[in-house]
Amino acid sequence: MKPPPFEYVAAHSVEEALDVLVTHGWDAKVLAGGQSLIPTLNFRLAAPAILVDLNPVSELAFIEANGMLRIGAMTRQRTLERDETIARLAPLITAAMPHVAHPQIRTRGTIGGSLAHCDPAAELPAVCLALDATLVARSQRGERAIPARDFFFGLFSTALEPDELLTEIRIPPMPPNTRYAFREVARRHGDFALAGVALTLQLDEAGRIRAPRVALFGVHDAALLSESAMRLLDGAAPSEALVREAAEAVAHDIEPSSDIHASAAYRTHLAKVLTARALRDALGDALGHATE
Amino acid sequence: MQKLSIEVTVNGTTYRRDVEPRLLLSDFLRHELGLTGTHVGCEHGVCGACTILLDGEPVRSCLMLAVQANGHTITTVEGVAPNETDLHPLQQAFRETHALQCGYCTPGFLMSLLPFVETHPNPTDDEIREALAGNLCRCTGYQHIVEAVKLACRLMHAPQDA
């Protein structure tokens, strides 16, 4: 099908985009990479009166590292995938990117678009949760920094107000003893995940796990941190028994739905298995020593 | 009705048109420019039949508005062959290995694979299958398309005889 009629505004600056949002509120929709919004329009599941296109806003496409890693909201997913600064400072993003749809989609798709859209099966919200990212939103009222754990509300629903624009993602530097892992299961490479996990953790001098962040996607109405698993892991010595216990615990925090691709029970099973595998990936040699 | 003036370079020719904002780039190429080699399958970004190159990178033309192509350079399947009589090595490889039956998906496969075969002299089967994953073919079972990619990579990266 074809999109319903709408008025189109190509914004050339954040200020121009904010002007449209403050005037039109919920009647306006922000067009980033368009890889979710345009299909939604083609299906006529949405009929916004006005589209604000952010693609000409060059100030929103950047990757900067100055203590904190800062990524502009309009940075293309294909750029994230290939960027050497990202690979060095936030390798969890690099590990996740090949799973984000297909190259043809990543050419257009943006990090900000994916986060603001908040699809429950999307990888990038979980990656931001695991990295303890902060999302920066701007409106004519000012700027506010929203921790990732307070940003993703539920199905296609975020902390963004109708007059706000997601402009930037800030990622704290990973301490040198940080481990990370990314795992997902999809029907076909690049399809939406049936279930997936992105996690980071640190090992202290005594070899104990510190600051674990276990983020799951595809198994709830939005990506979420598994507090139950994180409580078990925090301060514990790595062992295969701990891995299994933490993997079982994620089931307490998730509420997967059933659809034609997978039942809720299967998604729960996947969440546990993938969490165990991701923990083994991240712990690696530390797990080997602990079980000897 | 709002109409916007755009200028787009497609296969080396620059076109100027006034278009409605809701016109998809796929429909602009087919209906406004008559370049019907770009096929439309699902119109929601799943099948890959409408894949084109935008500034050299593969994109779904059904997931872009024509107005967003303003000022950009596009290659469609009509712009792939070097001249009227010869085929591009990737097209030649599809022909020789029977990598198509009905052919509806073929333009999308070719456009997705062009940057891949240019940058992969000797890809593994897994790399090829990952590169194909964004395009659907309902006839071939993909086996011959994998063969075509291997042949195309050999043809394009063969050492040149003096």
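Order of the sequence lines fixes the chain letters, A, B, ..., with proteins taken first and strands second; residue numbering starts at 1 for each chain.
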Would B:Met64 and A:Ile38 satisfy side-chain contact (heavy atoms from CB on, under 4.5 Å), going step by step from the backbone distance to the final call?
CA-CA 7 Å; B:Met64 270 186 75; A:Ile38 305 243; 5.8 Å; no
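- Here the shortest heavy-atom pairing between A:Tyr8 and B:Pro21 reads CB-CB, 3.4 Å.
- With contacts defined as side-chain heavy-atom distances shorter than 4.5 Å, the pair B:Arg60/A:His102 qualifies.
- For residues 39-57 of chain B, heavy-atom neighbours of chain A at less than 4.5 Å comprise B:Glu43, B:His44, B:Gly45, B:Val46, B:Thr51, B:Leu54, B:Glu57, sorted by residue number.
- B:Leu63 CG to A:Arg108 CZ: the interatomic distance, rounded to the nearest 0.5 Å, is 10.0 Å.
- Looking only at side-chain heavy atoms (C-beta outward), B:Ser112 and A:Gln104 come within less than 4.5 Å of each other.
- The two residues A:Thr107 and B:Pro58 make their nearest non-hydrogen contact at OG1-O, 2.9 Å.
- Taking a 6.0 Å sphere around NE2 of B:His98, one finds it holds 12 or fewer heavy atoms contributed by other residues, nucleotides or ligands.
- Environment of NZ in B:Lys150: crowded, with over 12 heavy atoms of neighbouring residues, nucleotides or ligands closer than 6.0 Å.
- Of all the listed residues (A:Arg78, A:Arg82, A:Arg106), the one sharing the greatest number of non-hydrogen pairs under 4.5 Å with chain B is A:Arg82.
- By a heavy-atom distance cut of under 4.5 Å, not one residue of residues 72-88 of chain B is near chain A.
- How far CG of A:Leu41 is from CZ of B:Arg22: 11.0 Å, rounded to the nearest 0.5 Å.
- Chain A forms more heavy-atom pairs under 4.5 Å with one residue of B:Leu65, B:Asn70, B:Asn135 than with any other, namely B:Leu65.
- No side-chain donor-acceptor contact under 3.5 Å links B:Glu130 to the backbone of A:His189.
- With contacts defined as side-chain heavy-atom distances shorter than 4.5 Å, the pair A:Asp53/B:Gln68 qualifies.
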